[in-house]
Structures are given as structure tokens and as C-alpha cells.
Amino acid sequence: MDVLSGPVAGVFRAPDVDYHAFAPELVLVAVLVAVLVVDLVLEGRGRRLVGGLAGIGLLAAMVPVLTLAVDGANRSMVGGAYVVDDFALVFKGLFLIAGYVTMLLSSDYLADDDYYEGEYYFLLLSSVLGMMVMASSRDLISIFVALELLSIPAYMLAGWRKRDLKGNEATLKYYLLGVFATGVMLYGMSLIFGITGETVLTEIGSKLQGPGASLPLVSLGIVFVIVGFAFKISAVPFHSWAPDTYEGAPTPITAFLSVASKAGGFVALMQLVFIGFLGRDDVWQPMFWVLAALTMTVGNLIALRQTNIVRMLAYSSVAQAGYMLLPFAVAGDLAKGPGAAMGPMTTYLLIYAAMNLGAFALVLAVARKTRSGEIASYGGLFEYAPGLTVLMSIFVFALAGIPPLGGWYGKLVVFKTLLDANTPWAIVLGVIAAVNSVIALYYYASVAREMWMRPVPDGDTTPVRVPAGLTAALSLCAVATVVIGVYPQVVARFGDLAVFSLLP
Amino acid sequence: MENFEDIALSTAVFLPLVGALLLMVVPRENEGAQKLIALLTTLATMGVGIYLLAEFDYAASGDTMQFVVNRPWIDVISSRYIVGIDGISLPLLVLSMFICVLVVLYSWNHFPSPHNPKAFLALILLLETGMNGTFVAQDLILFFVFFEVVLLPMYFMIGVWGGENRQYASIKFFLYTLFGSALMILSFLALFFKGGAESFAIADLAQSSSAIAHGTQLLIFGGLFMGFAIKVPMFPFHTWLPDAHTQAPTQGSVILAAILLKLGTYGFIRIAIPILPEAAVSWAPWIGGLAVVGIIYGALGCLAQTDLKRLIAFSSVAHMGFVMLGIATLTDFGINAAVFGMVAHGLITGMLFFLAGSIKDRFHTLELSRLGGLLIKAPKMGWILGFCVMASLGLPGLAGFWGEFPAILSAYNPAAGVSEELFRFYMVVAAVGTVLAAGYLLWMFQRTAFGEPTEEFSHEPIPDMQWPEYAAWVPLLILILVLGVYPNLLFGITQEAVQHVVSAVGG
């Protein structure tokens, strides 16, 4: 029942649609259209209404995700191209929550600066929809469609501050490099399709384990596809867009890009590598080794020198992607099979989402008063905003991986995977990662030092007013970060679920 | 109270955390309530400690943990919430609770600038949770988490409430210890995988570790060694310590010296030696060597100091050298001495840092050249300093003696497989170290307490002891004396458990 071969063979039959499986996406589509229509009818007067509608829509889409999770059955549609399993559901949940937090961050930000709102929410929802589709895509074509659906709205959102030069730079760089990466990836896909004659990942997987799989062209295709996604997850040396884009984009969008969009890239990579390219670890494993080592080291070293908090967090998120790539680099040597590398990656992504969204939410809150993105502007924050200071300390030290705050568990499971692989290469990578996590502490701690130990730069100690939406987002992220750190089983379970469902 | 037995250790660990959270909700202005909450919390925790002391079965054999609680925690990585104590953990746990009470008492009117008692007391309580947790954890991942929990509060304590150079000192402390713990956690994971253990429980790992090849064992022990040695700190990883101590506020210095340093030595006794006994035998000469270098280096360092607090910090390096020498012999005699040395050093050096803090409060300097005549200006305080100096240099009859002397003696006859000649040489060097210790301590006492006060202070009124100082110090002084006169009080607790540790080495 291959979708492509259908029309060629002359018998077209509409694929069976499992509406329950599609429900989260359908809800999102409905809300997305509603947002557009309501904004059109009210002609921009219903700011709050449109934002509220979008937020409720994201939460509403969460309901079918939960019912599907309770149901627990793996649902495979359109010839295996679209699958709803635990892996997909875990990430759909993550995307919806990340989207909702972005929504919370956005509402006051947009209102303050008088930007268009209706279109903003529409695009944000479209991008989330793309990610939802990505989590279920097990086919080269649907992966490509999902990637475009999540990227194109994001290109526009990055340049939302259109009167701002940096905003223009942000969107242009992101767009050009993004399109270039997509081109590279498509070329890789075409090579793989050309050799295997398949687009469904499971089929590609079995063909690539058979004869002819060691053709150089196959390797080239795999390399190109991975390079394409390396742009998406801003792995070094394909990271150059990230700091500029993060700095120029509206901060809520930066948070969204650095968490949801990056997770989208990782989801695609996991599906491609662990289903499609499973048998070819000789190609992707060394490649990921180099990518991971470079990404961690370069990200951390450059982050050390940043004076702008958003740029620092941008490089920090580059470095974090490096840690997340580590399991890929040893997956082929794991005793339980390559799929065992997915649990740690999923776990890390979930934890990373909570702490990074929190850090950006805090940057937004502080910028409301200081109107600055310089790290120096955080001086003396403890004196006039002790609550925010404690929260920011929680987020940065969680990112640094200090127990008992969330991040340590992510690092631990990643290290555990490396030692599980038990090869000299894995051990070397482990030592590089360990040294990197010490380096990283320096710049994370420098934010804390500024807040706790330095005087207020301009002597202005009026308290910071934090709107309700932002407070909600901050509390959500902080609670998640601390609870995960103290009782990691809550995320570890999701990591495990993801593994078992995706493995063949 | 049968059920309390099950939650006693967890209460001891998490009660301070509850107190810290409670402090957060008290308004900033209400300092009285903040101090009261902190004091009651530490006292209640100490109450749990007294309960443990009373209910602990001292006759039980050393291989059984008591008050054990074993609950699921992170199933995915086979790590469980296992807490329990034996004769080695008990004294240290109670010491930690005890010091925290005294630190809070001392804080009553000694809040360093920038004031803010709310945050300061909350950090002390957080520290207590981390320290107590480390002493009771029987699962390596749990141990790691608690071991790290103390980093953040101490970082802030030094960085916010510290002296002139506090930002440098705090980040140096943080980076050093984090580097050590990164290697430590890698070693923990290696232990787990190479040995194929069922879980991260210390008991499981001790059984599975014999399956690890000898060369790998040596490497893993090296990783553990780095993690713990930085914390102790052993020469040459000690350079963070003088900076941290000099810059830290008094309370921070006391906690650091009295308890945090012990986390490192405790790690050796609880984890490194029982799990990798063979590697410990191979490493022992190196550990012993670095320990005696530390003794001499610390002593010479002391003689070169011009700052009272820095001098006490260097004396810590020397004293911890004696503890490490005791541990390196791998004999029950040596390790008993080491545990005694840990407690004694905690009491005595903690006391010395209290004194340094009070002297600084009064003279606004710790420059030895500007001090002098303490016995004239504040005689009570001067005599207490004298008492502590005597205790610190190991005068028989005071607690310091029972840490130092048996440690040296134990080096005469190290465990089987460890070079006897080498350790006898170490013994001689360590004995020279005690002479040097007497030298620098008496020199320091002479400079601060004897003679006439210097010009600048001769007409300034210097208040003598105040009640929070009495409250915080008298219990310490009594314990120093009691343990000195009747050391069996402590040796009786540790003996069985130490024998169990040593039995793994075969000594």
C-alpha cells in the first residue's frame, strides 16, 4: 500500500483515516483557522481574544494527545508514513507545552511594543502544527513537508520586529541558511530514494541493510540529510545563524526556536537515524562524534566571551545540542542496540525545554525594567528582585547541570550512555563532555555573580513588575526544573516510553 | 515511636530544607522570626541526631547499616533512595547537625555585610540538607546529588557575604570542586558498567567490583581520588582552600572547615576503599606520600602567612594530611584515627574560625602584625584562643591528640601489601610535621594574644565575649575536652564499622 505507487498502478483508494490519531492536528488546524478568521472580523481589536483563543487551542490539542496516550495502541497510517506511537505522543506533548509557554511569553511582549498579533499567533500555531506532524512522520516526504511547515512560519516570526535592523538581519540569515540546508537535505533524500526506491523509513531501513547498501552514494545521501538537520539543531559548524537570529528575533520567538524548533530537528534526526539509517552506523556514528565534540566545545568556548545575555544563551543552547548529540555518536556500540540511545536524548530534550524556556522567560521579565540585554544590566538584581534572582539562578545552574536542579539528570544519562558503549572513542568523548561541563559552569555562574554579587549599574532599584502570563510561564518552568531534578523518574519514564515504541 | 525509626534519617536530611522553605515566606523585615525559625529547625534536626545517638545499636556488627530506608527513586537507571548509617557516618552526621546549631546561634548578632539574614540563614539550612544527606546516602547517585547540593549555597555564601576578593574565591571553589565531581561521576558510572552491578547501591557495587580488571580498577580509583582529594583538599589540589577560607564569612569558614572538607575524606572511607580495595592498596603509597607532603607543606605555608584566617586555612591542609595518612595505611587503627581526626578537626578548626571571625569583628583586621595583646584587651577570648591552639597542636588530653598521634603511629604498620619501609618514612616526616605545627600555632598565639596591643588599638575599647559567642563556643570547648579525656566515646562508635571497611582490604 505505498502511497506513491498507488496512482501509478492505476488503482487509487483513499487511505483510511483514523480520526482519533489525527485529532491533535485537526484541533490545531481548526483553532488556527479560527484565529485567522476572528482576527479578520475584529480587525485587530480583539487582541486578548485572539491570544486567548490560540492558548486554549494549544491546550485543547493536548486532550486528544492524552486520550491517545491512555489508549496506548500504536496507530500506523498511510502505509507506515504517519505513525502515532508513544514516541510521537511524548514529543507532541512537548511541542504543545512549549508552544503554550511561548504564547504566555508573547502576549504582553506583543502588547507592549504594538506589533501585529493575529498573524503572529496564526504563524506560531502553524509552526507548532509542523512539529506535531514531524513527530509522527516516518516517511521522507512527510518529514520534508513537516519541516517546511515548521520552518517557514518561524522565518517570518524571527523578523517580527520589522523596524529593527537586527530583526531584519535575524530573519534574513535564518531564512537563507535554512533554505540552503533544506536544499542539501532534499538532495540527500533524493539520493536515498534513488537507490532504495522507497520513501517510507522502515522500508529504507530494511533495504539499507541488504546488498548494495554500502554504495558510496548511500553514504553521501545519509551525510547530506544529516547535515541538513544539523543546521536545524544548530550544530557546529552549521550554527552560524543561531546567535544572530536569536539576538534579533523577538525574545519569545528565540525561546521557541531554541527549544521547540531544535527539538523538532532532533525528532526528525532520531526517526531518520534509528529507523531509516539504522544499519549504517559506520557512516553516521563518526559524523555525530565529530559534530558532538565540536558543538559542545565551540559553543561553550564562544559563550564564555559573550556580554549579551541572549547571545550567551544562544551559544549555550548550541553547546547543549552538543550534549544531546552524544548518544548518537556511540549508538552503534550499545549493548541493547542503537535504539537505546533514544531514551537519554528524549530525556535530555524534555529537561532542556523546561530550563531553557525558563531562562528566556526570565530574560523577558528583566528586560521589561532594564530595557537591555547586556549581562551587566543584571547587576544587583538580588537587591530589588530577589524572587526573579532565585528563579534565574535555578535556570542557569540547571543548565550547568548542578544537582539537584533538572539539568544534572540529563547530563548523567548521557554520560551513562557513553560509558555503556564502552569503546575508547566513547570514553574520549565522555572526557571531552566532562571538561566542557566544567567550562560551561563559568559563564552560567557569571550571570549568577552579576545578579548576586555586583551593585546595581544605574542605581535604579524600583521593583520589576511581572505580568500574570509571564509569572505563569516562569512558575511552570521552575517547578518542572526542580521537580525533575529531585525526582527524575518523572521524565525518565517518558524517555523510556519513547525507546520501546520506536524500536522495530 | 517505632515508625519514627523509618523516617528518622529522612527527617534529619529534609527538615532543614523545610526550614529553608519556611524562611522564604517570612517577610524580609521580620528578622526575629527568621532567626527563630532557623534556630528551631537546626535544634529539631539536632533532636533527631540525639534520637539516633540513643537508638543506635553500638554492639551491632560493622557490616550492617542501621535505620535503613530503601525506596524506589530513579528506576530507569537502577538508582534507589537508600539511606542508612553505621558507626562511621553517625559521628559525622551528628557533628554536622551540631555545628549547624552553633553557626545559627553565632549568627544572632554576627551577620556579615550585606546583612540579609533571611537568605543567609536559608543557605545555612540548605547546606545542612546537603551535608546530612551525603553522610547517610548509600546509593552512589544519591550520594553524588547530595555531594553537589552543598556547592551552590557555599558558592553564594562566599560570593555574596565574603571579603574583598570574594568573587574570585567563590568561582575558584566552585570550578575546582565541579571538576572533581565530574571525574567522580564518570568513575561511578564506570564502576557500574565495568562491574555489571545490579544497581548503584554501595553494597551491590562492592560485590561486583571484583569483576573489573585490575588496570581499570586503578583508573577508576584515580577518578574517585581526584573527586575526593580536591574536596579534602590534598596537596596539590588545595589551592582553592586558602582563598575560599580567607574570603568566606565566619559562618561559611566554620561550615567549610568543620564539615565540607570531611565529605572528601568520608568519600574515601565509605566509597573508594570498600568498593575498590585492591586498587586502594596500589594507590596507598601515593596517597600517603601526598598526605605527608601536605602535612609539611601546610605547616611551612602557615609559617609564611601574615593573615590569621589564611594561617588557619593552611593548618587545615596540614591536619587533613594526618587524616589522609591514617586512611592511606588501610588499617583499622589508621582509619579509626582518621575518623577521630575528622571530628576533632571539625570541632577545633571550626572553633578557631569562630575566634578569627570574632577577632575580625573587633579589630577589623586579621593582619598578624597589627594584632597583639588580646589577653589584655579581651582576656576571656584570649584564653579560649590559647585553649584551641593547644588542642590544635595535639596536646594530650584534648581532642586533637587522638586524631594526630594514632594516625602517625598507624603508619608504622600499614596493611598487608603496602610498603612498610615507605610508611615508616612517612611516619617520621609526619612526626616532624607535628613539631612544625606546634611552632606555627604557638607563634600565631604569641603574635595575637601576648604582648601589648598595637598603637592603633591601645586606646580603643574592645568588648570581650558576648552571649551568642558563649552559646556557640562553650559546647564546642566542652566536647574538645571530653573527647580528649575519654576518646573511647568516639572510638567505641567507629570501631566496628571501620573493621568492616578494613576487612575488604584483608588487613
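For clarity, every value in this text was computed on a predicted model and none was experimentally measured. Proteins come first, then strands; the chains are lettered A, B, ... in the order of their sequence lines, and each starts at number 1.
Proximity to chain B is absent for every atom of Thr347(A), based on heavy atoms less than 4.5 angstrom apart. Of the atoms belonging to Tyr409(A), it is side-chain heavy atoms, and not backbone ones, that fall under 4.5 Å from chain B. With a 4.5 angstrom heavy-atom cutoff, Leu412(A) touches chain B via backbone and side-chain atoms both. Interface residue Ser170(B): only side-chain heavy atoms are found under 4.5 Å from chain A. Looking at Phe146(B), neither its backbone nor its side chain comes within 4.5 Å of chain A, counting heavy atoms on both sides. Only the side chain of Trp408(A) comes within contact range of chain B, with at least one heavy atom under 4.5 Å from a heavy atom of that chain. Contacts of Val486(A) with chain B are made by backbone atoms alone, with heavy-atom separations under 4.5 Å and no side-chain atom involved.
Top candidate by heavy-atom pairs under 4.5 Å with chain A, chosen from Ile185(B), Ile171(B), Leu186(B), is Leu186(B). The choice from Asn116(B), Leu183(B), Val145(B) that makes the most heavy-atom pairs within less than 4.5 Å of chain A is Val145(B). Of the listed residues (Tyr81(B), Phe179(B), Phe188(B), Phe193(B)), the one with the most heavy-atom contacts under 4.5 Å to chain A is Phe193(B). In terms of non-hydrogen atom pairs under 4.5 Å with chain B, the most contact-rich of Ala492(A), Ser437(A), Gly343(A) is Ala492(A). With chain A as the partner, the residue from Phe147(B), Trp161(B), Phe156(B) showing the most heavy-atom pairs under 4.5 Å is Phe156(B). In terms of non-hydrogen atom pairs under 4.5 Å with chain A, the most contact-rich of Glu148(B), Gln167(B), Lys194(B) is Gln167(B). Counting heavy-atom pairs under 4.5 Å between each of Val149(B), Leu151(B), Leu152(B) and chain A puts Leu152(B) at the top.
Residues Tyr155(B) and Ile402(A) are not in side-chain contact: their nearest non-hydrogen atoms beyond the backbone lie 4.5 Å or more apart. No side-chain heavy atom of Phe192(B) sits less than 4.5 Å from a side-chain heavy atom of Leu419(A). Residues Val76(B) and Arg493(A) fail the side-chain proximity criterion, which asks for heavy atoms closer than 4.5 Å.
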| Taking it one step at a time, do Leu178(B) and Tyr442(A) satisfy side-chain contact (heavy atoms from CB on, under 4.5 Å)? | CA-CA 11 Å; Leu178(B) 194 74; Tyr442(A) 187 81; over 6 Å; no
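Two rings, from Phe397(A) and Phe174(B), have their centers less than 6.0 Å apart.
When all heavy atoms of Leu189(B) and Lys416(A) are compared, the closest pair comes out as CD1-N, 3.7 Å.
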